[in-house]
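In what follows, a single structure is set out as structure tokens and then discussed.
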2 protein chains.
Amino acid sequence: MDVKKQATIVDVAKKAGVSVATVSRVVNGNYPVKQDTKERVKEAISSLNYVPNVQARELNTRKSSTIGVVVPGLHNMFFAEVIDGIEDAVRQDGFSFLLNCAKNDPMQEMNAINALVARNVSGIIVISPNTKNISERFYEELVARVPLVFINGYHRIKGVSYVGNDEKLGSQMALEYLSGLGHKDIMFVRGAKSDSYDIKEEAYRQFMEANGSLREDYILNIGEGNGVETVDSAMNALQGLIPRLKPTAICCCNDLMAVGALNACKRLGLSVPKDISIMGYDNISLSRLVEPKITTMDQNMFQLGSNAAKLLIENIHGGQSKRIMLDNVLIERETTGISM
Amino acid sequence: MDVKKQATIVDVAKKAGVSVATVSRVVNGNYPVKQDTKERVKEAISSLNYVPNVQARELNTRKSSTIGVVVPGLHNMFFAEVIDGIEDAVRQDGFSFLLNCAKNDPMQEMNAINALVARNVSGIIVISPNTKNISERFYEELVARVPLVFINGYHRIKGVSYVGNDEKLGSQMALEYLSGLGHKDIMFVRGAKSDSYDIKEEAYRQFMEANGSLREDYILNIGEGNGVETVDSAMNALQGLIPRLKPTAICCCNDLMAVGALNACKRLGLSVPKDISIMGYDNISLSRLVEPKITTMDQNMFQLGSNAAKLLIENIHGGQSKRIMLDNVLIERETTGISM
DNA sequence: GCTAAAATAGAAAGCGATTTCTGTGTGATA
DNA sequence: TATCACACAGAAATCGCTTTCTATTTTAGC
């Protein structure tokens, strides 16, 4: 491929008959330049299709207007929606972002982050659902060099900003809601290895225990898997369990599992919410695409993303690191009803 | 936030007691360096946590290992899945990528692209469903400076690589499949303003005409909208139309619409596929998450993405631009059956 | 042992910008 | 009219790296 060389500031200067300093000044508009010189330069710029080289500029100014984003992957809409929020906020501030997928692998996560540092990003947003994966040391050293924002993990590394929401509270709210509908026999479904699941299970145990109705066999762990395959795992497991355990409600750790539960019920000929109620978590778009639409606890991924990005940019500009907790709001839809 | 300054090559050189050239050489390993010097340098590097500044390197070598990606947005899983494929391929070659969302707005698309050029990306992948949006001139000038790959539009700009698949053929295959199942009364549902929809409608018209059963009222245009709201638009429109028009099958331009059709049928108390068959297009993950799972025409978004990325990298390394057409494969699932 | 070739290392130029430091004209002020 | 401030523009240093171009060792070949 025959790539034409980009015009540089020197070319523009030559064409306009001025020094490079002057060109730089009209481009940046931070220094007085006489009107007609300015115009001559502008003409040269547009006739040469000149676009200033951001890398050179950033090298010189030791600033960077790109941030890095590390997520497990995009096969799970959760992350796609978060990124949507990041993109939105980031663009408004004239930043760009580099996206990396770490596939839930701590090795890849570290590599990704090093690559971002090497690329001189001015800040990094990390979503890493499983914080046991990561080395605190690694992040402590990292945050000394570049502002960091975590989304939705349970990181206590000092100096690291955080945005998430209180999932323990959210789970309690979900359980209370179900309980208020008259449900006592509530199953809990979770996946393997995630802080989020652990927190939610804790909330479930406490709640059920307080109600005197905790049953170990009501707790279902469908194992690993982070993408859409979760749906089928949940469905398969539940299809066998529901007839035997006869819960009146199923409280799921995320919407994917809830869809799996819904599909299991359909296959079993159970009517939702008449025969059984299903509660999701997250409010990914999928939850309102299926029929009936799933009642769920909103995490507002877009907000998660845009808040993280805004916070990061604040930090980049020297702001204090902080922790932002978003509100839990229960989205009542069609998969929950009163217990018969 | 108190950001520690990154160690530079000069710091390393000083610490190791060698010249910067030597440090550069052990980092890049492209020039002989004595074993013990090498070790001294390596020690200095790790003790200083030195990470070479990619921007400086790229400025010097006039190479860049980041590419740019422009998509309409991520609220539609189609694009998320494509990006997943891009990420995968790109990472394997040591590249990074900048992601931009253009929201189907030609202005934003051009801005995004200029921002990418300014950031010195070595190539750009563009997904722009509506090619009427774009200015051919703009892209013609662009491709003279940087390799370009389009995904899934109908661009005929010379020198621009392309990966997509023959949607006309795909639509024909879908229709033939439905026809083979005995369906004659086949509705067609599309959205507004997209080359892809136009192509598919053309295929539909030709097919139905050839069968002598083209009916204008069987063609439904649900209007604009690119995200998940498509599902409800399709559902709402179809809920009124199906009882009146009594089609035995519905052929949709994408899976979102198919899910909408499915939901409409559920609400109307129609059993799918017993009473009516539904056919999607794309094979986004949603299509196999709903119950019953949707029969669809696979576009293999992951392949679309990874092929585009590989092709782009090939072009960056000097390869000829080319057009790659992926195979259409019909994924027979649970929403289609023989016509009664 | 002597010379040619290879291995090894430093100095310095250059990548494309920004910005400080200087130096001019010019209009306003005294 | 002399002076001062300011508007305007260029020269040159600098950012962190790679890569010639040189210069010095080693090593090899005979």
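Here is how names work: the chains are called A, B, and so on, in the same order as the sequence lines, proteins then strands, and each is numbered from 1.
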Just by distance, no angles: are the side chains of Asn120(B) and Ser64(B) close enough, under 3.5 Å, to form a donor-acceptor pair?
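No.
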With sequence neighbours left out, write down each residue that passes side chain to side chain contact (heavy atoms under 4.5 Å, CB included) with Lys34(B), or none if nothing qualifies.
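Side chain to side chain contact (heavy atoms under 4.5 Å, CB included) check on Lys34(B) returns Asp36(B), Thr37(B).
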Quick one: list whatever passes side chain to side chain contact (heavy atoms under 4.5 Å, CB included) with Lys14(A), sequence neighbours left out.
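Lys14(A) satisfies side chain to side chain contact (heavy atoms under 4.5 Å, CB included) with Val10(A) only.
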[X] [atom1] to [N] [atom2]: how many Å, rounded?
X	N	atom1	atom2	result
Asp11(B)	dC17(D)	CG	P	9 Å
Asn53(B)	dT14(D)	CG	P	18 Å
Ile9(B)	dA9(C)	CD1	C1'	14 Å

Can you list, pair by pair, the side-chain donor-acceptor contacts under 3.5 Å of residues 25-33 of chain A, counting residues two or more places apart and other chains?
| residue | atom | partner | partner atom | Å |
| --- | --- | --- | --- | --- |
| Asn28(A) | ND2 | Ser24(A) | O | 2.9 |
| Asn28(A) | ND2 | Ser24(A) | OG | 3.3 |

Can you list every side-chain hydrogen bond (donor to acceptor under 3.5 Å, both in side chains) pair that touches residues 94-103 of chain A, not counting sequence neighbours?
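Listed once each, the pairs are Ser96(A)-Arg119(B).
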Side-chain donor-acceptor pairs under 3.5 Å in residues 305-312 of chain B, sequence neighbours left out?
| residue | atom | partner | partner atom | Å |
| --- | --- | --- | --- | --- |
| Ser306(B) | OG | Phe302(B) | O | 3.3 |
| Asn307(B) | ND2 | Gln303(B) | O | 2.8 |
| Asn307(B) | ND2 | Gln303(B) | OE1 | 3.2 |

Sub-4.0 Å heavy-atom contacts from residues 24-41 of chain A onto DNA chain C, ordered by number:
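Those residues whose heavy atoms fall under 4.0 Å from DNA chain C, taken from residues 24-41 of chain A in numerical order, are Ser24(A), Arg25(A), Asn28(A), Asn30(A).
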Please list residues of residues 57-65 of chain A whose heavy atoms come under 4.0 Å from any atom in DNA chain D, ordered by number; otherwise none.
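The answer is Leu59(A), Asn60(A), Arg62(A).
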Of all residues at least two apart in sequence or in a different chain, which pass the salt bridge (Lys or Arg N to Asp or Glu O under 4.0 Å) check with Arg91(A)?
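Per chain and number, Arg91(A) pairs via salt bridge (Lys or Arg N to Asp or Glu O under 4.0 Å) with Glu87(A), Asp88(A).
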With sequence neighbours left out, write down each residue that passes salt bridge (Lys or Arg N to Asp or Glu O under 4.0 Å) with Glu58(A), or none if nothing qualifies.
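Salt bridge (Lys or Arg N to Asp or Glu O under 4.0 Å) list for Glu58(A), sorted by chain: empty.
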Between Ser19(B) and dG10(C), does any side-chain N or O lie under 4.0 Å from OP1 or OP2?
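Indeed, a polar side-chain atom of Ser19(B) lies that close.
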Select base, sugar-phosphate, or nothing to describe what Val18(A) touches, counting heavy atoms under 4.0 Å on all strands.
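If one applies the 4.0 Å heavy-atom cut-off, Val18(A) turns out to touch the sugar-phosphate alone, with no base involved.
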Which nucleotide, dG10(D), dC17(D), dT19(D), lies nearest any side-chain atom of Ala21(B)?
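Nucleotide nearest to Ala21(B)'s side chain: dT19(D).
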